[in-house]
Enquirer: 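Quick one: the structure is below, questions incoming.
For clarity, every value in this text was computed on a predicted model and none was experimentally measured.
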Amino acid sequence: MISPKYFREIPQRYRLEAGKCKKCGTAYFPPRLVCPECKSKEFTKVNLSSEGKLLTYTIVRVGSDKFSQQSPFAVGIVELKDGVRLTTQLADVEFDKLKIGLKVKLVFRKIQDEGKSGLHCYGYKAILI
Ligand SMILES: [Zn+2]
């Protein structure tokens, strides 16, 4: 069975939906209930740009249980054009080609199979552009 958390996060996982503060304009991903900058509780829903740059990365050689079959894989922190930073897996990359500052794009990919039924869970991963 897919967890309720996965369903709650579908707008972010599938469409990169963020909350943009109506008062100060800061975008938050995932969305927040209160803006840490100005304490406003009013947000508009925005879809983030899928393009950004790689701020840093690492190679995971021994993944946790769910990701052990995908090891080794690269994980990075990406800053999108909107200024939002997120952690994501870097897909379809040769590790020796990775460099801080490279341009990346978020794409829709299968993340993992969940539970005994093996249902596919989808989300975003970054590829080099
Ligand atoms: Zn604000």
Side-chain angles (χ1 to χ4, degrees):
M1 182 178 159
I2 293 181
S3 69
K5 182 177 183 287
Y6 176 77
F7 277 109
R8 281 197 306 273
E9 293 175 349
I10 280 179
Q12 290 90 52
R13 291 175 183 271
Y14 287 19
R15 298 184 294 275
L16 293 174
E17 280 185 13
K20 189 171 185 178
C21 177
K22 282 185 177 178
K23 197 170 169 190
C24 72
T26 308
Y28 296 99
F29 184 81
R32 294 185 175 210
L33 295 175
V34 179
C35 176
E37 296 294 323
C38 71
K39 312 302 181 213
S40 172
K41 293 180 181 174
E42 293 186 37
F43 293 87
T44 51
K45 208 179 286 181
V46 293
N47 291 82
L48 297 173
S49 164
S50 62
E51 293 186 12
K53 66 179 178 183
L54 186 60
L55 294 184
T56 189
Y57 67 92
T58 189
I59 311 298
V60 178
R61 302 213 179 262
V62 182
S64 62
D65 290 349
K66 288 182 178 176
F67 297 96
S68 61
Q69 291 186 346
Q70 296 178 35
S71 302
F73 57 90
V75 173
I77 296 177
V78 169
E79 184 175 81
L80 300 177
K81 287 182 176 175
D82 314 82
V84 169
R85 294 177 176 182
L86 49 86
T87 304
T88 183
Q89 189 173 334
L90 303 164
D92 309 336
V93 294
E94 294 173 41
F95 301 150
D96 57 347
K97 298 243 166 81
L98 284 172
K99 271 193 335 197
I100 289 170
L102 285 176
K103 289 185 177 181
V104 296
K105 180 178 183 170
L106 298 181
V107 292
F108 189 67
R109 291 287 174 87
K110 186 175 104 174
I111 303 295
Q112 63 183 359
D113 297 323
E114 188 164 309
K116 290 179 183 171
S117 58
L119 289 169
H120 302 319
C121 295
Y122 293 90
Y124 52 81
K125 292 183 182 180
I127 58 169
L128 301 182
I129 52 174

Enquirer: For K97, does the NZ atom have more than 12 heavy-atom neighbours from other residues, nucleotides or ligands under 6.0 Å away?
Expert: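 No.
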Enquirer: Is there side-chain contact between S71 and V62, with heavy atoms separated by less than 4.5 Å?
Expert: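 A side-chain contact under 4.5 Å is absent here.
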Enquirer: What's the separation between atom CD in Q12 and atom CG in L48, rounded to the nearest 0.5 Å?
Expert: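 Result: 9.5 Å between the selected atoms.
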Enquirer: Using the rule given for side-chain contact (heavy atoms from CB on, under 4.5 Å), can you reason through I100 versus L55, listing the C-alpha separation, both sets of side-chain angles and the distance that settles it, and then say yes or no?
Expert: CA-CA 6 Å; I100 289 170; L55 294 184; 5.8 Å; no
Enquirer: Check K125 against T88 and note the closest heavy-atom contact, atom names and distance.
Expert: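 Minimum heavy-atom separation between K125 and T88: CA-OG1, 3.4 Å.
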Enquirer: Should L80 and L102 be regarded as members of a common hydrophobic cluster, given that ILVMFWY residues are connected when their side-chain heavy atoms come within less than 4.5 Å of each other, either directly or indirectly?
Expert: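 Yes; L102 is reachable from L80 via cluster members.
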Enquirer: So how far is it from I10 CD1 to C121 SG, rounded to the nearest 0.5 Å?
Expert: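 The SG atom of C121 is 8.5 Å from CD1 of I10, to the nearest 0.5 Å.
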Enquirer: Sorted by first residue and then second, give each ring pair (Phe, Tyr, Trp, His ring centres under 6.0 Å) pair with at least one member in residues 99-119; sequence neighbours left out.
Expert: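 Found Y14-F108, F108-Y122.
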Enquirer: Is there a path from F95 to V78 through hydrophobic residues (I, L, V, M, F, W, Y) whose side chains come within less than 4.5 Å of each other?
Expert: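 Hydrophobic grouping puts F95 with V78.
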Enquirer: Which residue pairs pass the ring pair (Phe, Tyr, Trp, His ring centres under 6.0 Å) test with at least one member in residues 30-62, sequence neighbours excluded?
Expert: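 Pairs touching residues 30-62 that pass the test: none.
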Enquirer: Distance from K81 atom NZ to E51 atom CD, nearest 0.5 Å?
Expert: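 With rounding to 0.5 Å, NZ (K81) is 4.0 Å from CD (E51).
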Enquirer: Is there a side-chain contact between L54 and L90 (heavy atoms, below 4.5 Å)?
Expert: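 Side chain of L54 against side chain of L90, heavy atoms only: contact under 4.5 Å found.
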Enquirer: How close do R61 and P72 get, counting heavy atoms only, and between which atoms?
Expert: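 Answer, listing the atom of R61 first, then P72: CA-CB, 4.0 Å.
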Enquirer: Using side-chain heavy atoms (C-beta onward) and a distance below 4.5 Å, is K103 in contact with L128?
Expert: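 No - every pair of side-chain heavy atoms lies 4.5 Å or more apart.
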Enquirer: Check the pair C24, C35 against side-chain contact (heavy atoms from CB on, under 4.5 Å), reporting the backbone distance first and the verdict last.
Expert: CA-CA 9 Å; C24 72; C35 176; 3.7 Å; yes
Enquirer: So if I apply the side-chain contact (heavy atoms from CB on, under 4.5 Å) rule between I127 and each of L106, D92, V104, which one comes out positive?
Expert: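 Between I127 and the candidates, side-chain contact (heavy atoms from CB on, under 4.5 Å) is satisfied uniquely by D92.
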Enquirer: If you define the side chain from C-beta out and look only at heavy atoms, does anything of S50 sit under 4.5 Å from L16?
Expert: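 Yes. Closest side-chain heavy atoms under 4.5 Å.
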Enquirer: Just so I know, are the side chains of C21 and C38 near enough to count as touching, which here means a heavy-atom distance under 4.5 Å?
Expert: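 Yes, their side chains come closer than 4.5 Å.
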Enquirer: So how far is it from T56 OG1 to I77 CD1, rounded to the nearest 0.5 Å?
Expert: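 Answer for the OG1-CD1 pair, T56 versus I77, is 6.0 Å.
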Enquirer: Where do R15 and E17 come nearest, in terms of heavy atoms and distance?
Expert: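 Shortest heavy-atom separation between R15 and E17 comes out as NE-OE2, 3.0 Å.
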Enquirer: Look only at the side chain of Q89 and the backbone of Y124, and say whether a donor-acceptor pair between them is shorter than 3.5 Å.
Expert: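 Side chain of Q89 to backbone of Y124: no pair is present.
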Enquirer: Counting C-beta onward and ignoring hydrogens, is there a side-chain heavy-atom pair between L98 and V93 closer than 4.5 Å?
Expert: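 Touching, per the 4.5 Å side-chain cut-off.
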Enquirer: Measure the shortest side-chain to side-chain distance between F73 and I59 over non-hydrogen atoms and say whether it is less than 4.5 angstrom.
Expert: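 Of all side-chain heavy-atom pairs linking I59 with F73, none is under 4.5 Å.
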Enquirer: Drop me the distance from K53's NZ to I129's CD1, to the nearest 0.5 angstrom.
Expert: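 Between atom NZ of K53 and atom CD1 of I129 there are 13.0 Å.
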Enquirer: Given 3.5 Å as the limit, does a donor-acceptor pair link the side chain of K110 with the main chain of G123, or not?
Expert: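 Answer holds: no.
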Enquirer: Is there a side-chain contact between Y28 and E37 (heavy atoms, below 4.5 Å)?
Expert: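 Y28 vs E37: side chains touch.
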